[in-house]
Number of protein chains: 2
Amino acid sequence: MVRPTMYTVANHAGVSIATVSRVLGGRGAAVRARTAQRVLASARAVGYRLNGAARALATQRHGAIGVVFPNLSGPYYGGVILGLEEAAQTLGQSVLIAATHGRPDADDLVSGLATKVDGLVLFGRTASDGMVQELAAAMPVVLLARPQVASAITVRAENRTSAGALACHLVGHGHTRIAFIGDPMSSPDAAERWAGYQDALRDAGIRPPRAPDTCAFREAEGHRVAGLVLRRSRPPTALFCASDEIAMGACAAAVELGRAVPGDVAITGWDDIPVARFLSPPLTTVRQPLAQLGARAAALLQVRIDGVAEPAEPVTLATELVVRASCGCPPGQRPTA
Amino acid sequence: MVRPTMYTVANHAGVSIATVSRVLGGRGAAVRARTAQRVLASARAVGYRLNGAARALATQRHGAIGVVFPNLSGPYYGGVILGLEEAAQTLGQSVLIAATHGRPDADDLVSGLATKVDGLVLFGRTASDGMVQELAAAMPVVLLARPQVASAITVRAENRTSAGALACHLVGHGHTRIAFIGDPMSSPDAAERWAGYQDALRDAGIRPPRAPDTCAFREAEGHRVAGLVLRRSRPPTALFCASDEIAMGACAAAVELGRAVPGDVAITGWDDIPVARFLSPPLTTVRQPLAQLGARAAALLQVRIDGVAEPAEPVTLATELVVRASCGCPPGQRPTA
DNA sequence: TTGTAAGCGTTATCAT
DNA sequence: ATGATAACGCTTACAA
């Protein structure tokens with residue numbers, strides 16, 4: 001029992017495969033209603049399904065875009081990808097995903113993916129600059145939260161200004177010793193937050209630390225690094241964490257050391273992950289438009305896929321300061337949206 | 001400037017496309033090393049990339065599997081999909097994702113996806129029984145956390161026994177009025193947890209409520225429903241929540257009503273999402289092997305894709321009771337893994 | 001070891 | 001409105 005093809009259906013219905021194609025695959029081509037009915041019935045009868053590969057080959061369109069990211073832990077990537085997928089679906093594109101899991105052969109992975117899609121969305125540092133360059137020369141590529149490379153389009157959330165605003169808010173609470181916990185080297189986003197943080201301190205006449213307290217984007221790391229920082233002889237009175245996950249770890253560390261948050265030490269995060277407002281104290285943070293980042297990337301990709309390659313304007317989406325209680329502000333009665 | 005094909009490369013290298021195919025696409029077919037070098041160089045020179053659609057058509061293999069889920073909010077789906085993707089990658093399959101977003105035309109979505117993949121992984125109630133039946137007749141299908149349908153394989157995490165154990169634990173703390181907050185109708189998983197909860201209460205000689213306190217798998221809903229439940233004249237002293245997200249909402253509601261957790265009311269969740277141990281009090285819950293669910297699904301699918309369709313044994317993965325403080329147990333010194 | 005050529009299952013052009 | 005038929009770009013016997 002072989003897989004039925006259009007010929008199977010055509011035979012069954014007594015028409016040509018052209019007609020079958022017109023009713024099953026077609027975009028409303030002219031087919032008599034009665035004929036169409038017959039074809040539809042035959043297709044059902046023989047259990048026919050279109051073959052995506054054959055269509056893709058004939059149309060020169062995969063009808064799919066690929067997205068490459070490091071992993072799916074934490075709400076960040078999932079949020080962006082969800083927005084991406086929804087937008088792509090609307091645009092009639094399927095979405096192929098590939099996680100690098102920090103593998104060294106990520107370039108091969110991306111390269112393989114590129115073989116099956118009309119365009120690529122690459123997160124942060126998932127592919128080497130060389131690979132990005134190579135790919136961008138051959139197909140539409142949009143970079144998410146990564147510095148521009150070659151002809152690829154870049155989409156990102158605003159970081160520097162809002163980081164400044166957040167640091168400034170902390171200064172407004174009277175803090176002068178504010179630590180930055182995160183790793184500017186690991187991601188462009190973190191680098192910009194670090195820059196904005198420094199801007200604000202300098203503007204306030206406070207000398208920022210020479211270097212950040214390096215910390216990966218994970219709770220466990222936040223817990224460890226914050227523990228170290230808080231145990232110093234003259235510890236900071238505020239912790240500017242580069243992500244909510246880091247901040248959560250930091251809160252736990254503070255509690256373990258018997259420091260009250262925000263009484264003894266104020267703590268802020270970044271991302272506004274869903275649980276941020278359920279922590280105690282609710283976390284002051286900066287919200288990124290995750291789904292929009294993804295949706296925007298999909299839309300930009302689609303334009304390039306359909307049309308000519310226009311000059312690539314980097315896109316920056318606005319972020320929003322979300323003030324809750326962990327910075328020292330009085331807690332609201334109900335969880336702040 | 002058209003996209004180069006194998007002919008382009010073949011010309012450039014002065015060989016036939018068969019040779020090009022052997023070195024670029026091939027699985028170590030016999031090609032003289034020098035020839036291979038020449039082909040590789042030419043491919044690079046003309047900027048050639050394999051065409052996935054053409055390969056798929058020629059080999060009768062898409063080299064991809066599809067996974068359909070409701071959404072990506074919360075850590076559950078992301079966790080499973082991550083495991084799925086990693087396993088698929090190892091097996092040399094790409095993964096196509098599609099979220100139904102609760103749309104009514106989910107069947108069309110799935111049907112379209114099926115056109116581009118060698119096999120399908122379907123979460124919960126994402127496709128109608130009829131569609132599952134139809135698909136399973138034509139291609140390998142594995143169902144995740146969904147009751148068995150037709151010839152599809154089913155993979156799920158154990159629910160009933162561990163739900164019983166958890167309810168039993170609550171009873172052990174002296175509770176006799178324990179509410180179940182969740183929606184057994186919405187998912188097979190929830191239904192089994194509800195059943196296990198009833199088992200345990202009956203075993204303890206407690207009469208379970210006739211019906212659960214219906215609540216969708218979302219914080220906001222948990223907040224709302226728990227608020228209602230706790231305001232009753234003779235409120236329960238423990239809340240058995242069908243997910244951690246519900247439990248988080250419930251905790252917030254309890255706090256707002258001035259009830260101490262677990263002093264006035266014990267609360268338990270399900271899933272052991274990463275933040276569960278950072279809540280205050282740390283949440284007692286049941287851990288599901290998310291990544292393993294996905295990996296197992298991918299592996300089972302692969303077997304069916306490669307080989308003959310063997311009889312489908314449902315697979316059930318073990319879960320683990322994670323006792324922390326929200327049930328009334330004394331809190332550990334450090335966050336419990 | 002390398003080349004020739006026949007598919008793979010569609011779409012789309014051109015007749016009819 | 002429908003039918004022939006030539007691509008689409010690759011893999012893979014089969015020859016050489």
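These numbers come from a predicted model, not from an experiment. In the text below, chain A, chain B and the rest are named by the order of the sequence lines, each starting its count at 1.
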Among D/dA4, C/dC8, C/dA5, which nucleotide sits nearest the side chain of B/I17?
C/dA5
The residue, B/L57 or B/V15, whose nearest nucleotide of DNA chain C is more 5′ is B/V15
Tell me, with the steps shown, if B/L82 and B/Y77 meet side chain to side chain contact (heavy atoms under 4.5 Å, CB included).
CA-CA 8 Å; B/L82 194 60; B/Y77 294 108; over 6 Å; no
Quick one: B/M6 CE to C/dT4 P, roughly how many Å, whole number?
16 Å
B/V31 has its side chain closest, among C/dT10, D/dC10, C/dT2, to C/dT2
For the residue pair B/S73 / B/N71, report whether a side-chain donor-acceptor contact shorter than 3.5 Å exists.
yes
Side-chain atoms of B/R22 come closest, of D/dA13, C/dA12, D/dC10, to D/dA13
Checking A/R49 against B/S111: is there a side-chain donor and acceptor pair closer than 3.5 Å?
yes
Side-chain N,O (B/R32) to OP1/OP2 (C/dT2) below 4.0 Å
yes
Out of C/dT13, C/dT11, D/dC10, which has the shortest distance to the side chain of B/Y48?
D/dC10
Round to the nearest Å and state the distance from B/L50 atom CG to D/dC8 atom P.
18 Å
Would you mind reading off the distance between A/K116 atom NZ and D/dG9 atom C1', rounded to a whole angstrom?
16 Å
Protein-nucleotide distance (A/H62, atom NE2; D/dC10, atom C1'), rounded to Å
11 Å
Euclidean distance, atom CG of residue B/N11 to atom C1' of C/dG3 [Å, nearest integer]:
14 Å
Applying a 4.0 Å non-hydrogen cut-off, can you work out what A/R49 is touching in the nucleic acid: base, sugar-phosphate, or nothing?
sugar-phosphate
Would you check if the side chain of A/D107 reaches a backbone N or O of A/M131 as a donor-acceptor pair within less than 3.5 Å?
no
Below 3.5 Å, does any donor atom in the side chain of B/R3 face an acceptor in the base of D/dG9, or the other way round?
no
Is B/D118 paired with B/R304 through a side-chain N to carboxylate O contact shorter than 4.0 Å?
no
Are B/T35 and C/dT2 close enough that a side-chain N or O sits under 4.0 Å from OP1 or OP2?
yes
Contact under 4.0 Å: A/T5 side-chain N or O vs C/dG9 OP1/OP2
no
Rounded to the nearest angstrom, tell me the gap between atom CZ in A/R61 and atom P in D/dG9.
14 Å
Of the listed C/dT11, D/dT11, D/dC8, the closest approach to the B/R55 side chain comes from D/dT11
Atom pair distance, as rounded to whole Å: OH in A/Y7 and P in D/dG3
13 Å
Would you mind classifying the nucleic acid contact of A/T19 as base, sugar-phosphate or nothing, using non-hydrogen atoms under 4.0 angstrom?
sugar-phosphate
At under 4.0 Å between heavy atoms, what does B/R27 touch on the DNA or RNA strands: base, sugar-phosphate, or nothing?
sugar-phosphate
Please confirm whether the shortest side-chain N or O distance from B/S21 to OP1 or OP2 of D/dT11 is below 4.0 Å.
yes
Would you call B/R146 and B/D129 a salt bridge, taking side-chain N to carboxylate O under 4.0 Å as the test?
yes
What integer distance in Å separates B/Q60:CD from D/dT11:P?
13 Å
